[in-house]
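To find a chain, count down the sequence lines: A is the first, B the second, and so on, and within it residues start at 1. Everything numeric here is computed off the predicted structure, so don't read it as measured data.
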4 protein chains.
Amino acid sequence: MFQKTFASDNNSGVHPKILEAIQKINIGHCVGYGHDGYSQKVIQKLIDYFGGNCDIYLVGNGTAANVIALSSAVRTFEAVICSSISHLYLDECGAPERFIGIKLYPVPHYGGKIKVEDCYPLLVGHAEEHRSQPKVLSITQPTEYGTLYSDEEVRALAEFAHQNQMYLHMDGARIANAAAAMNKSIKQITGDLGVDILSLGGTKNGLLLGEAIVFFNPELASATRFYRKQGMHLFSKHRYLAAQFEAYFENDLWFTLAQQANATAQYLAQQLQKIPTIQITQPVQTNAVFAKLPRKLISPLQEKYFFYEWDPSQCEVRFMCSFDTTQEDVDNFTNTIQQTLAALQLT
Amino acid sequence: MFQKTFASDNNSGVHPKILEAIQKINIGHCVGYGHDGYSQKVIQKLIDYFGGNCDIYLVGNGTAANVIALSSAVRTFEAVICSSISHLYLDECGAPERFIGIKLYPVPHYGGKIKVEDCYPLLVGHAEEHRSQPKVLSITQPTEYGTLYSDEEVRALAEFAHQNQMYLHMDGARIANAAAAMNKSIKQITGDLGVDILSLGGTKNGLLLGEAIVFFNPELASATRFYRKQGMHLFSKHRYLAAQFEAYFENDLWFTLAQQANATAQYLAQQLQKIPTIQITQPVQTNAVFAKLPRKLISPLQEKYFFYEWDPSQCEVRFMCSFDTTQEDVDNFTNTIQQTLAALQLT
Amino acid sequence: MFQKTFASDNNSGVHPKILEAIQKINIGHCVGYGHDGYSQKVIQKLIDYFGGNCDIYLVGNGTAANVIALSSAVRTFEAVICSSISHLYLDECGAPERFIGIKLYPVPHYGGKIKVEDCYPLLVGHAEEHRSQPKVLSITQPTEYGTLYSDEEVRALAEFAHQNQMYLHMDGARIANAAAAMNKSIKQITGDLGVDILSLGGTKNGLLLGEAIVFFNPELASATRFYRKQGMHLFSKHRYLAAQFEAYFENDLWFTLAQQANATAQYLAQQLQKIPTIQITQPVQTNAVFAKLPRKLISPLQEKYFFYEWDPSQCEVRFMCSFDTTQEDVDNFTNTIQQTLAALQLT
Amino acid sequence: MFQKTFASDNNSGVHPKILEAIQKINIGHCVGYGHDGYSQKVIQKLIDYFGGNCDIYLVGNGTAANVIALSSAVRTFEAVICSSISHLYLDECGAPERFIGIKLYPVPHYGGKIKVEDCYPLLVGHAEEHRSQPKVLSITQPTEYGTLYSDEEVRALAEFAHQNQMYLHMDGARIANAAAAMNKSIKQITGDLGVDILSLGGTKNGLLLGEAIVFFNPELASATRFYRKQGMHLFSKHRYLAAQFEAYFENDLWFTLAQQANATAQYLAQQLQKIPTIQITQPVQTNAVFAKLPRKLISPLQEKYFFYEWDPSQCEVRFMCSFDTTQEDVDNFTNTIQQTLAALQLT
């Protein structure tokens with residue numbers, strides 16, 4: 001129990017500064033549900049960080065961030081275009097369909113990224129009432145494969161969306177890792193490029209739990225407070241969400257943590273590349289390393305270090321580095337791989 | 001900011017032992033989503049506490065506890081009978097209707113409590129497909145008026161439900177206050193009386209955030225893990241929910257905290273009764289005090305101590321005591337009331 | 001089989017002129033889904049009938065008319081206020097809750113009618129996101145008790161709705177009977193009084209199946225074609241709905257048929273009043289007669305003429321007259337009642 | 001207006017025998033909502049036709065047939081696998097997502113047909129609560145391309161479904177055309193091959209409006225009457241649906257009509273094949289002809305005979321023959337094509 005793993009960056013714990021912020025705010029009483037002065041001050045700080053002309057809501061997890069974000073932008077007969085590998089499409093257990101009542105149109109992906117040309121056909125014949133009407137394009141940055149859309153790619157998708165009266169939503173469960181990798185602010189790689197709504201993750205980068213929904217088009221948020229409550233993510237002790245975000249943005253803690261996770265992933269990739277039977281399958285641009293393992297290695301290794309098979313048919317697995325993963329952790333892990341391979345006579 | 005208030009028991013903070021438990025579990029890595037050994041150990045402890053033959057799921061707040069609990073028990077054409085003043089009916093912003101797709105049938109209440117005789121008519125003619133079919137009876141213990149169902153009353157409602165192929169759900173957002181008031185275990189006043197599903201609150205009694213759903217009929221929970229995920233309340237860092245509940249049940253912390261809140265409410269009621277222009281309107285059985293105030297007192301007092309008007313037409317307001325409300329806090333509050341009345345020349 | 005009954009006006013068949021219209025349109029091919037020239041001509045005729053500045057959609061039944069009408073006017077966190085005895089609340093098997101995801105707030109009724117004073121309290125405290133926000137007031141004209149709102153009453157409810165940023169919806173499943181009873185056009189008792197959306201029934205007054213949704217505020221209908229399709233009520237052979245409505249409005253057929261049903265109900269009431277053990281319980285203003293029967297009469301009479309018990313605790317039953325119910329049918333029925341009473345020695 | 005077209009088989013009218021049946025049943029009164037003796041007799045006839053051990057419900061259109069059929073078989077966290085070109089996926093405006101709250105997983109198609117091998121990957125990793133759980137495999141017979149699954153193909157899909165605790169649903173909007181093409185009974189190509197639920201179309205083959213849902217596993221239908229009502233497709237004058245189905249199955253009228261449409265499609269294909277610039281793109285196995293037209297022909301021809309472009313990028317269009325389409329209609333159409341081509345100097 002509590003061994004460092006590479007299964008997911010949400011397997012890590014809470015960064016000490018985040019816990020400290022929670023502790024610090026744990027005094028006296030506050031009116032609930034985000035109406036307290038402290039929460040409002042923090043939200044205003046976040047709004048300022050994102051340039052002032054936006055609206056921000058805190059919720060408890062990424063599923064809620066995505067679903068409540070989209071609730072604000074689509075009506076039930078409208079639809080969201082997203083990649084066929086996206087978390088939104090595959091890993092929310094149908095929450096968007098059930099809670100919003102909408103259709104998701106999956107399109108092909110290229111290392112996790114989608115292309116405008118695959119979205120065009122979904123617009124054909126869509127004036128007709130027989131079809132769910134595409135209203136939002138949702139992309140994940142970094143993608144579920146840890147890869148990055150370039151600024152130009154995001155801009156092109158935003159332009160496509162806006163030209164077709166659609167919004168661009170970005171699932172930024174790991175947006176900090178993207179910004180750190182590009183050495184930019186979160187604003188520079190989201191709203192500045194035309195993103196209309198951002199699900200800004202925190203849990204995977206050191207928060208206890210908490211995500212922010214950033215509406216760069218504040219009109220879109222006119223009813224969000226109702227959708228958040230109806231969507232079961234209005235927390236009474238809201239100040240404890242706010243405190244985490246205050247600490248997270250204090251001195252760009254998010255950047256430091258993400259940068260470290262990214263760097264460790266680079267190191268992990270380097271170490272794995274030294275093992276001839278292992279093959280890195282995706283560009284390592286953030287904190288994920290995808291690799292093909294020898295089939296016989298997978299189960300024995302999972303017993304020692306649990307991780308997810310991404311594409312079982314290809315023996316492709318995913319390793320994630322967290323903010324608190326160290327080079328020593330990587331060394332222990334790659335040593336275990338080497339030993340397991342040796343025991344299996346696979347070297 | 002952070003002044004002690006009497007608006008709601010969720011205005012209080014987190015009990016130090018709960019924060020300590022969070023701190024203590026903040027080591028290393030854990031597999032996510034409640035599949036970690038620590039979470040499973042805590043869940044098993046809770047199951048044991050409730051007698052072994054039950055199933056338990058942790059979620060983030062009371063709305064989710066109620067909605068996900070009911071998801072497991074009803075189909076969309078079925079319905080839940082509840083009091084017209086219940087939190088479920090009035091204060092979830094329609095989450096049950098939207099997420100489950102069901103109808104709620106409100107029935108009259110008597111100091112927050114419902115009677116079997118008001119539920120009977122809802123069963124008439126209900127074999128027909130024109131009507132939503134009552135499938136769950138939901139009661140709040142203690143009620144939204146802070147009053148208590150007696151054991152006999154709960155048993156009678158459970159019997160009525162079971163005789164009509166319905167389940168009894170108990171919204172126990174403050175169940176600790178009920179159990180403490182009756183000097184019983186939570187099990188004794190829920191499952192032992194015929195309750196099938198319990199929403200067991202923690203946030204209002206010292207947790208950071210967290211509620212448990214207890215299924216005394218474990219078959220009802222066969223799909224709950226899917227409803228929890230689809231219902232957006234499967235948290236990746238689940239151990240931090242588990243840790244809070246472990247501490248909450250350690251040495252019956254829940255009982256100690258609830259008892260203190262209840263005792264303080266008694267003291268508050270006594271102090272208020274000394275003020276001739278204020279009239280206690282509901283029996284003070286747990287940690288709530290409902291009172292009629294002079295109309296002119298309400299706004300000036302709210303400016304100093306925010307609180308909710310319950311029935312504006314009657315000038316009936318609600319004061320709640322929290323686990324950390326002290327007699328000194330009460331004295332400060334009642335002094336402020338006296339001074340405000342004096343300033344208004346209402347004494 | 002096929003005996004004339006008094007159970008409901010939907011037990012009757014199709015008026016010959018309606019069937020004739022269906023037959024007449026049964027030629028050649030038409031593009032589907034209401035995009036054919038014939039359907040569009042009929043819709044335009046209906047729009048003209050209602051004054052030009054409105055929008056009209058045909059659907060298959062009353063449940064769909066109500067649900068799709070309301071879909072266009074509310075968002076999921078909003079709510080509809082309606083009478084506790086309304087068809088919308090009681091007899092749609094929860095279709096509004098499931099399909100729209102909204103809450104219905106039932107308010108008390110007086111002979112089927114609701115009063116503004118009972119709606120006011122639902123607006124209190126409703127700026128808060130904890131509560132479903134009332135957005136539509138829905139009334140039934142004539143009511144489920146066959147009674148009529150006066151013009152003044154409708155105007156007052158419309159004014160209340162509009163002053164509170166709400167819409168007034170009228171469930172007019174039997175609107176023809178109301179208009180005929182008041183000797184007015186349908187427009188005069190709906191849009192002219194401030195009704196924003198009308199569910200205009202046809203099935204209960206001689207159509208095979210078909211209802212119209214009339215939006216007096218055409219902006220409300222901007223997305224209705226999508227809601228109709230998603231709501232499963234866009235019929236491919238739409239011309240057969242259109243043909244029925246064309247015939248229904250030709251020479252005010254609707255008026256003639258409704259007038260006859262109303263007149264027959266008056267005659268039925270007169271005949272029933274001659275029976276000392278039977279008591280008329282509601283003003284007979286349209287085509288419904290509500291009466292208290294001797295308890296022992298109910299079952300034996302139902303075996304001969306099926307009808308619905310409305311309030312079993314009061315032995316109150318409902319008799320409906322259809323467009324094709326004749327005085328002879330009434331005589332046969334009341335004779336049967338007399339004979340049954342005699343056989344039971346209840347005269 | 002009323003010109004014979006080739007846009008869709010739902011552009012045709014009602015077969016005279018169907019209208020006659022409606023006329024014949026138009027006598028006296030009947031209790032509503034399918035509880036009348038006549039409707040029950042017809043339903044029993046249909047049940048007998050399908051072998052006795054099944055349950056059957058009538059609804060108004062194909063969207064409702066599919067959605068209410070699936071409502072009975074899936075819970076909200078479950079999913080339906082279907083082809084990416086299926087009507088269910090593309091052309092219900094998201095009704096399954098909204099009404100049932102489920103996810104549809106689209107898989108590739110081959111001339112409209114899906115293969116087991118494309119469904120397998122959707123089952124991987126699906127014990128986890130993060131994913132919508134496949135519970136139904138839905139296929140269209142004949143497919144949206146007018147092609148036919150062979151008996152072996154249906155059996156293989158049924159076997160795959162059942163081995164994985166899934167049901168096989170068949171969208172049989174044109175099932176009569178499939179059966180006629182194979183010279184078999186509907187039962188032989190559905191329930192006998194392992195289909196669990198059939199949406200049995202009528203509207204596209206001569207009915208005014210009406211579809212049947214056949215549950216070969218009658219346990220699946222235990223709550224269907226509620227889903228039908230809540231799904232807004234319980235019609236009060238149900239006998240008029242029943243009458244159409246009685247006539248439709250009388251002397252296998254469905255077979256005769258479908259056979260004629262199929263034969264006419266063959267004739268149309270032959271005539272089109274004589275035009276060198278036109279290319280048939282799909283096997284003509286039922287009543288649909290898919291063809292590639294010269295790009296410049298499409299718009300001018302649509303002005304004379306409206307039809308749908310299926311794949312605009314390929315200039316692939318769809319022509320459908322109805323039960324009442326004659327060889328003369330085909331000749332007129334192909335002559336028009338020839339003339340238009342000539343005018344465009346495209347021959």
Colleague: Could you tell me which of Gly101(D), Pro312(D), Gly94(D) has the largest number of non-hydrogen atom pairs under 4.5 Å with chain A?
Modeller: Gly101(D)
Colleague: To the nearest 0.5 Å, tell me how far Asn10(A) CG sits from Leu209(A) CG.
Modeller: 12.0 Å
Colleague: Within the side chain of Thr143(A), is there an N or O that forms a donor-acceptor pair under 3.5 Å with the backbone of Thr140(A)?
Modeller: no
Colleague: Nearest 0.5 Å, please: how far is NE2 in His109(A) from OH in Tyr89(A)?
Modeller: 11.5 Å
Colleague: What distance do Ile68(A) atom CD1 and Glu211(A) atom CD have between them, rounded to the nearest 0.5 Å?
Modeller: 11.0 Å
Colleague: To the nearest 0.5 Å, how far apart are CG in Leu198(A) and CG in Leu168(A)?
Modeller: 10.0 Å
Colleague: Could you tell me if Ser199(A) and Asn66(A) have a donor-acceptor pair between their side chains, going purely by distance under 3.5 Å?
Modeller: yes
Colleague: Who wins among Glu309(A), Glu92(A), His130(A) for the most heavy-atom pairs under 4.5 Å with chain D?
Modeller: His130(A)
Colleague: I'd like to know if the side chain of Gln133(D) and the backbone of Glu128(D) have a donor-acceptor N/O pair within less than 3.5 Å.
Modeller: yes
Colleague: Rounded at 0.5 Å granularity, tell me how far CZ in Arg131(D) sits from CG in Asp91(A).
Modeller: 4.5 Å
Colleague: Under 4.5 Å heavy-atom distance to chain A, tell me which part of Ile100(D) shows up: side chain, backbone, both or neither.
Modeller: neither
Colleague: What part of Pro106(D) lies closer than 4.5 angstrom to a heavy atom of chain A: side chain, backbone, both or neither?
Modeller: both
Colleague: Where along residues 73-87 of chain D does a heavy atom come under 4.5 Å of chain A, listed by residue number?
Modeller: Thr76(D), Phe77(D)
